[in-house]
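Here is the structure we will look at, set down as structure tokens.
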Amino acid sequence: MILRRLCVQHFRCFRSPVDLQGLGTGIHVIHAPNETGKSSLILAVARALFDRHSTKDREMNLLRPWQTKLSPRVKLEFETAGKRYRLEKAFLDDASSVLDEWTGSRFERLAESQEADALLRGFLVSSVPGNGVTKVGNWGLARLLWLNQSEERYDLPGLDTPLKARLLETVGVAALSNEEQSLLKAMEGAYRRFFTPKTGKLVTGSDLDREGARMRELREEAARLTQRLAEIEQLASESMDLGQKQLSLAEERRTYEQRLASLHERIAEEEKLEQQAALREKDVERQRKEWQSLDQKQRELLALQQKVVQQEDLLARNEPALQEAQGLVRRAEDGAREARERHKAQQGEMELAEQRVERGRLLEDARASLAEQRKLDGLVKQGTRVETSVENARRKTAGLKALPDAEVKRAEEVQRKLTQALDRLDAQGVEVSFTAEGPQRIEWEAQGHTTPHKLTSEEQKVFSGVRAGALRIKGVGEVRVRTAAEEIGKLEAEVEKHRKDLARRLHEHGVDDVVGLRAAWASQQAALQELSKYEEARSQFLEDNKVESVEVLREQQREQARKTGALSAQLNLSREELQTHPFPELKALTEELKARRQEVKARDKAREEAEGALRKAEQHLKVVTQGRNSAQAAAQALGLELKTQLNTLGLSLEGLGAEVERGEAELNRLENMVKGLRAQLPRLEARATVERKKLQDTLERIGDEEKKNQEKRIRAQALLEQAAADGLYSRLCEAEEKLALAEAAFQRLETRARAAESLRAMSQAWQDQVTQTFLAPIEQEIHSRLAYIRGGGRSEQILLDAEFSEARLQTAGGPWPLEGFSWGMREQTLFTLRLALGELLARKGPRPEPQLVVLDDALVNTDAARHQRALEVIESAGDTLQILILTAFPERYRTLRGVKEFDLRALAQASLPSS
């Protein structure tokens, strides 16, 4: 299919109609800047060809021009299958679809509404769309041949069944019959009953999966029963072993009880010595506490005495620092006072500068208001002149008598008829010639009119009459001429009739002849044109100034005058003084104010620094004073506390030291006595109490073992009794029988599954062979173009799958996915794919015809060298294809031969209604 004409209206940015005509086979470059409708133009073609006219979803509503309720309209003329059609489609509010066919002399109606939509889908092998607008996957041949700007731009187009059948037919491969397709579907269905198509794994929930699961469950059940029987046998053996162990534990327990009874006398002797040592240890501990208390008190009093000395030294050192801090505070107070005074003075200067700036702004506003008032005064004067001109022209035209152009034409027609009648009368009349021998004055009378003539000597004059005429020569006489022609009377009557009619018409308008009548009509037209010109000038004047009338301008003039008066009152100046008052430079005043503010800020910063220094000096003085007072108070308090504690003890520091030495000697004596008692006791590990504890622990352990052993015997006997009651042997036989049946059923299903897998593998091999036969010519066409564009001896062969869902390049390291290459390489591959498929459909198969290939900014990521070679590929394809190139860079395609250029922005502007 190729386009012959495209007209788009009310579609996105195309509010006014945009019409592309003269389309045909060859290369067409449609260029315009970004966001001016290039992609919208192709989208309009797609919506017209593939969408139902009744579609009204959100995406279709987004096609309306922005902030309008206009309904999108598209008109196409195209050729397909050797016939020419015209499609007119409208969407949303005025939805309609009309398809006409060219019959040789005109377009005649072929289909309407849904029938027309269905016929269009058939032309391009398009599948039936779902709800809403048609997705790219349902665009049929356009899905293969159009490289438009969409989310799928760098994806392969993919094939559905109708498209694949069309390509198979094109390359000469027979498509599968319905019976063959049904057989393949049955084989695929049998395979899918057991395996997943992609992974080849077993389908979860299939018969084979369920039988396998059942077989595994029965195997597990049989294994569980077998394991349980083995456990029961093991329990019987363990029960006998536990009985023997119980007897040996009872004999061991009796032996340890006898040894425990013989330890009581040793334990009593060791406990007596332990009590004596414990009493002495208490005396030692009491003495140690008394000695430690005296020693601690001595240490505390000595430390307290040292602190008193330290505080007295600190008090002596703080006096010079206190005097220095007081002097620093006085200097800081003087600096802060001076900084405050400077800051206050600078603030006064800033306020004066602010007042000057404010007055400058008022003067600036007043100057602007005066300028605006002068402008409005000029506009009011200009508008008044225009209004006066319009009124004068209107009064001038009002005083004119209406003289239609038809009346002038009728008078001219009457004059023409009169002239024709006179000419015919002249032809029927007589001719008189007179030659003067000397200067003469003569008169010629004909048809009631006398015309005087003055002739010089040897001058000849010829007079013509119709029926009668007279030639009078002054001083000579009169010559009369008459004819006897019968037709003259009729001619004279006709002449008279036209003369009266003309005279009446001229008299009605107060003119002497037709020339005067025409002049009167021209004067009237000039007056009307002058009125129209003045009215147009007035309208243009009002439109330029964006007002409805001159009175509005006068109101603006009065309002501006009031504003100017208010400003002059604020400035305390009259309007005359305001016009001559010098206007200060506002920028200079602002700069001065900025400088003053910066100075104030600097003074403020200096003031804050001075006050901070003052606060810091005061804080330092406060700290020094507090340190001195604290040292003085601490020295007094510590001295008083030392004296009080010594008085409480009733000792001096020297007496307290002697008491500490006596307490230490008594503590050493008591500790020696404790050591003697402890030496009489045996080692800790050899004491009877330790041995008794070991025997008790051993007896306790033996008791626990006897208890656990008895529990195990009871549990084993209970499990043996339960196994006998459950009938494990009969259950095991039944499980093994079920397992054998399940294994046989699973084997049958597995055999069927492997058969289905083998059949599918055979059909897949056959389909792969057909696919390779179908893909080989397409891959060769793409490879020849892509290798030429890439240049440099790059010969990697492209490999496609049967559904056009994946592409790879055969590299030295094996097939590599197209996604692993650069954006430029990917777009060049998809570009050559479109051209190759288009040329195959245009040249081969039982139904070859030219095809439409759309390239919307197809080579944006391609370098200059490859771009030039791609242009050569486009040139060669232009002989059999219609190629629409949409670009924002038309200069890239200027070297193409025979290209047709369309400036989309110029076409859109040309379609705008003239203002």
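Phe123 and Tyr85 have tilted rings, their planes meeting at an angle from 30° to 60° on a 0 to 90° scale.
The closest donor-acceptor contact from the side chain of Lys38 to the backbone of His31 lies at 3.5 Å or more, if one exists at all. Side-chain N or O atoms of Glu849 include one that pairs as donor or acceptor with a backbone N or O of Ala81 at under 3.5 Å. Thr388 places a side-chain N or O within 3.5 Å of a backbone atom of Thr384 that can act as its donor or acceptor partner. In this structure, Asp501 contributes its side chain and Lys497 its backbone to no donor-acceptor pair below 3.5 Å. Listed for the Asp117 side chain is a donor-acceptor partner under 3.5 Å among the backbone atoms of His53. Remark: the backbone N or O of Asp51 is not paired with any side-chain donor or acceptor of Thr55 at under 3.5 angstrom. Thr887 places a side-chain N or O within 3.5 Å of a backbone atom of Phe889 that can act as its donor or acceptor partner.
Lys563 is not listed as a side-chain neighbour of Gln373, based on a closest heavy-atom distance of 4.5 Å or more. Within the 4.5 Å cutoff, the side chain of Val547 has heavy atoms near those of the Gln556 side chain. A heavy-atom distance below 4.5 Å is found between the side chains of Arg905 and Pro33. With a 4.5 Å cut-off on side-chain heavy atoms, His28 and Val899 do not count as touching. Residues Ser71 and Arg64 have side chains in contact (heavy-atom distance under 4.5 Å, counting atoms from C-beta outward). By the 4.5 Å heavy-atom criterion applied to side chains, Arg15 and Gln9 are not counted as neighbours. By the 4.5 Å heavy-atom criterion applied to side chains, Leu542 and Val386 are not counted as neighbours. Gln382 has its side chain within reach of Phe541: a pair of non-hydrogen atoms, C-beta onward, lies under 4.5 Å apart.
Between the CD atom in Glu530 and the CG atom in Asn392 there is a gap of 9.0 Å [rounded to 0.5 Å]. Between Gln909 atom CD and Ser16 atom OG the span is 11.0 Å, to the nearest 0.5 Å. For the atom pair CG (Asp856) and CH2 (Trp146), the distance works out to 11.0 Å, reported to the nearest 0.5 Å. In this structure, the separation between NZ on Lys900 and CG on Leu20 is 11.0 Å, given to the nearest 0.5 Å. Interatomic distance, Lys417 NZ to Glu412 CD, rounded to the nearest 0.5 Å: 13.5 Å.
A salt bridge links Asp94 to Arg73: one of the charged nitrogens lies within less than 4.0 Å of a carboxylate oxygen. Between Arg109 and Glu112, at least one side-chain N (NZ, or NE/NH1/NH2) sits under 4.0 Å from a carboxylate O, which counts as a salt bridge. Here Arg499 pairs with Glu496 in a salt bridge; the nearest charged N to carboxylate O distance falls below 4.0 Å. Salt-bridge annotation for Lys533 and Glu535: absent, with no side-chain N of the basic residue lying under 4.0 Å from a carboxylate O of the acidic one. Classification of Arg86 and Glu101 as a salt-bridged pair fails, no side-chain N sitting under 4.0 Å from a carboxylate O.
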Could you walk me through whether Leu884 and Val853 pass side chain to side chain contact (heavy atoms under 4.5 Å, CB included), step by step?
CA-CA 6 Å; Leu884 295 187; Val853 175; over 6 Å; no

Test Asp544 against Gln540 for side chain to side chain donor-acceptor pair (under 3.5 Å), laying out the working first.
CA-CA 6 Å; Asp544 291 343; Gln540 186 64 38; 2.7 Å; yes

Start with the C-alpha distance between Asn545 and Leu379, add both sets of side-chain angles, then the distance that settles side chain to side chain contact (heavy atoms under 4.5 Å, CB included), and finish with yes or no.
CA-CA 9 Å; Asn545 293 283; Leu379 290 175; 3.3 Å; yes

Applying side chain to side chain contact (heavy atoms under 4.5 Å, CB included), run through Leu855 and Leu886 and close with a yes or a no.
CA-CA 6 Å; Leu855 303 175; Leu886 295 98; over 6 Å; no

Is there a side chain to side chain contact (heavy atoms under 4.5 Å, CB included) between Leu76 and Leu3? Walk through the geometry before answering.
CA-CA 7 Å; Leu76 297 176; Leu3 293 177; 4.2 Å; yes

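Shown here is Glu35, whose CD atom has no more than 12 heavy atoms of other residues, nucleotides or ligands within 6.0 Å. Within a 6.0 Å sphere centred on CZ of Arg5, heavy atoms belonging to other residues, nucleotides or ligands number more than 12. Atom CD of Glu536 has 12 or fewer neighbouring heavy atoms from other residues, nucleotides or ligands inside a 6.0 Å radius. Remark: Gln21 CD is packed, more than 12 non-hydrogen atoms of other residues, nucleotides or ligands lying under 6.0 Å away.
When the options Leu6, Leu907, Leu41 are evaluated for a side-chain contact (heavy atoms from CB on, under 4.5 Å) with Ile30, the one that passes is Leu41. With Arg4 as the fixed residue, the side chain to side chain donor-acceptor pair (under 3.5 Å) test singles out one of Glu79, Glu77, Gln882: Glu79.
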